[in-house]
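Okay, so here's the structure we're looking at.
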Amino acid sequence: MYPMSPVILAIESSCDETSAAVITNGKVLNNIIASQTVHQKYGGVVPELASRAHQRNIVTVVDDALQSARKKKSDLDAIAFTRGPGLMGSLLVGASFAKGMALGLNKPLIEVNHMQAHVLAHFINDPVPSFPFLCLTVSGGHTQIILVRDYLDMEVIGETQDDAAGEAFDKAAKMMGLPYPGGPLVDSYAQKGNPTAFKFPETYMPGLDFSFSGIKTAFLYFLRDNKIKDPDFVEKNLHDICASIQHHLVKMLLNRLEEGSLKTGIKEIAIAGGVSANSGLRNALQQVGQSKGWNVYIPAFEYCTDNAAMIAMVAHYKFLKGEFCELDVSPLARMPL
Ligand code: KG4
Ligand code: ZN
């Protein structure tokens with residue numbers, strides 16, 4: 001018999017954050033995160049360096065999580081880890097560590113889908129959305145509209161056909177000479193800029209899908225053409241350029257979300273993933289939500305970007321359903337919902 005108020009240790013290592021959290025009876029006790037700064041000088045995450053940094057950090061991060069939750073390893077009822085999607089070398093570190101613990105402690109193992117976890121980040125704190133709801137999940141690798149019927153019952157009803165929204169933010173920042181990850185920098189420069197100073201072309205996609213590759217190219221040409229006229233164009237207009245590209249990307253995201261709501265009749269609307277930390281998106285969603293009569297759910301900043309608390313939430317519901325996995329389960333760089 002498994003306990004109905006389980007204590008679970010969850011580990012996240014899909015990209016460049018090493019994180020561990022402890023959850024008891026569905027309540028997250030902590031969320032320890034070691035961020036990797038080693039990638040900054042390379043302008044993007046270097047998979048091999050990410051994997052090595054996870055190896056260096058994981059023991060301390062897990063120890064910190066157990067200690068601050070005042071739990072011993074023997075108190076744990078299960079060990080959970082991110083199986084995918086993500087960088088294979090990074091996923092392997094968390095998966096191997098979790099398997100080792102599960103084997104050593106003779107406890108069940110729970111595999112978690114990282115994108116499902118971004119959605120369940122909404123259940124860490126009140127207010128929580130009611131089912132069914134739509135979740136726009138926007139990160140460095142994904143842009144999806146997910147129809148969430150229940151904790152573990154989700155369907156992708158729209159997604160990007162090329163780049164992710166976070167990638168568009170990061171690439172736009174890189175073209176302006178800003179360091180990685182550029183998304184948060186574009187956000188902060190945008191605060192003092194005029195969002196309608198510059199216009200960019202609209203991209204049409206059928207259904208509820210997205211495409212961000214066109215805007216990336218348009219932005220590249222926009223900078224090139226203006227720099228021919230004035231080599232200091234970016235420096236002189238940084239705030240306005242950031243505000244304008246952010247406004248454009250946010251509009252692209254919210255247009256689709258509006259269509260998704262119309263198509264499904266659902267007015268419970270959530271956002272999740274790293275880009276949901278964007279202040280332009282958060283503000284615009286509140287405004288659109290008010291005008292459309294939506295109940296809007298925006299995660300706390302801590303739970304927008306990658307973290308183990310959200311992995312723990314999925315693990316909790318999987319535990320209650322008895323959904324455990326074998327010790328020989330392999331990580332998946334691509335993992336559908
Ligand atoms: O979910 P996440 O932490 O990792 C992935 O699973 O990809 O998302 C990271 C992405 C990066 O592209 C980063 O630039 C973007 O989220 N991001 C932001 C902001 N904070 C993080 N983009 C725009 N504005 C922000 N404030
Ligand atoms: Zn993520």
Test item: [X] and [Y] side chains (from C-beta on) under 4.5 Å apart, heavy atoms:
X      : Y      : answer
Glu159 : Ile145 : no
Leu337 : Glu155 : no
Asn125 : Tyr303 : yes
Arg52  : Arg56  : yes
Ile241 : Val186 : no
Val250 : Asn278 : yes
His248 : Ile215 : yes
Met154 : Leu147 : no

Any donor-acceptor pair under 3.5 Å linking the side-chain atoms of [Y] with those of [X]?
X      : Y      : answer
Asp163 : Ser213 : no
Asn255 : Glu259 : no
Ser211 : Gln161 : no
Ser244 : Gln246 : no

Nearest-0.5 Å distance that lies between atom [atom1] in [X] and atom [atom2] in [Y]:
X      : Y      : atom1 : atom2 : answer
Gln287 : Gln290 : CD    : CD    : 8.0 Å
Leu9   : Leu76  : CG    : CG    : 5.5 Å
Ser14  : Asn113 : OG    : CG    : 10.0 Å
Leu136 : Leu208 : CG    : CG    : 11.0 Å
Lys199 : His247 : NZ    : NE2   : 6.5 Å
Thr264 : Ile269 : OG1   : CD1   : 6.5 Å

Minimum heavy-atom distance between [X] and [Y], given as atom pair plus value:
X      : Y      : result
Ala78  : Ile110 : CB-CD1, 3.9 Å
Val119 : Cys135 : CG2-SG, 4.1 Å
Leu249 : Ala168 : CD2-CB, 4.0 Å
Glu12  : Ile311 : OE1-CD1, 3.5 Å
Gly182 : Ala173 : CA-CB, 3.4 Å
Thr82  : Ser13  : OG1-N, 4.3 Å

Expected output: side-chain [X] to main-chain [Y] donor-acceptor under 3.5 Å:
X      : Y      : result
Ser261 : Leu257 : no
Asn307 : Met310 : yes
Asp75  : Lys71  : no

Applying salt bridge (charged side-chain N to carboxylate O under 4.0 Å, His left out), name anything that partners [X], two or more places apart in sequence or on another chain.
X      : result
Lys251 : Glu202
Lys236 : Asp230
Lys171 : Glu167
Asp153 : Arg149

Decide whether [X] and [Y] are clustered together by the hydrophobic rule: side chain heavy atoms of Ile, Leu, Val, Met, Phe, Trp, Tyr closer than 4.5 Å, transitively.
X      : Y      : value
Val148 : Val156 : yes
Ile58  : Leu327 : yes
Leu152 : Met115 : yes
Val138 : Ile245 : yes
Met313 : Val62  : no

Return the set of residues passing ring pair (Phe, Tyr, Trp, His ring centres under 6.0 Å) with [X] (not counting sequence neighbours), or none when no residue passes.
X      : value
His118 : His114
Phe219 : Phe200, Phe222
Tyr42  : none

Step-by-step side-chain hydrogen bond (donor to acceptor under 3.5 Å, both in side chains) determination, Thr18 to His54: CA-CA 6 Å; Thr18 320; His54 283 305; 2.8 Å; yes
Does Arg282 make a cation-pi contact with Phe301, if we ask for NZ or CZ under 6.0 Å from the ring centre and within 45° of the axis?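 Pair Arg282/Phe301 counts as cation-pi.
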Could you list the residues that satisfy side chain to side chain contact (heavy atoms under 4.5 Å, CB included) with [X], not counting sequence neighbours?
X      : result
Lys292 : Glu258, Val288, Trp294
Glu268 : Pro129, Ser130, Phe133, Ile266, Asn295, Tyr297
Asp240 : Asn194, Ala197, Phe198
Cys15  : Val45, Leu87, Asp306

Applying side chain to side chain contact (heavy atoms under 4.5 Å, CB included), run through Asp328 and Lys99 and close with a yes or a no. CA-CA 8 Å; Asp328 62 358; Lys99 287 178 190 182; 5.7 Å; no
Is it the case that the ring center of Phe97 lies less than 6.0 angstrom away from the ring center of Phe81?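 No, they do not, as the ring centres are separated by 6.0 Å or more.
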Describe, in one word, how the ring planes of Phe319 and Phe324 are oriented to each other, choosing from parallel (under 30°), tilted (30 to 60°) and perpendicular (over 60°).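 Plane angle over 60°, so perpendicular.
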Check: residues 21-40 side-chain donor-acceptor pairs under 3.5 Å, at least two apart:
residue: Asn30; atom: OD1; partner: Val22; partner atom: N; Å: 3.0
residue: Asn30; atom: ND2; partner: Ala65; partner atom: O; Å: 2.7
residue: Asn30; atom: ND2; partner: Ser68; partner atom: OG; Å: 2.6
residue: Asn31; atom: OD1; partner: Ala308; partner atom: N; Å: 3.3
residue: Asn31; atom: OD1; partner: Ala309; partner atom: N; Å: 3.1
residue: Asn31; atom: ND2; partner: Glu302; partner atom: OE2; Å: 3.2
residue: Ser35; atom: OG; partner: Glu17; partner atom: OE1; Å: 2.7
residue: Gln36; atom: OE1; partner: His39; partner atom: NE2; Å: 2.7
residue: Gln36; atom: NE2; partner: Ala50; partner atom: O; Å: 3.3
residue: His39; atom: ND1; partner: Val46; partner atom: N; Å: 3.0

Using side chain to side chain contact (heavy atoms under 4.5 Å, CB included), reason through Leu91 and Arg83 one step at a time and then give a plain yes or no. CA-CA 7 Å; Leu91 290 167; Arg83 183 178 183 194; over 6 Å; no
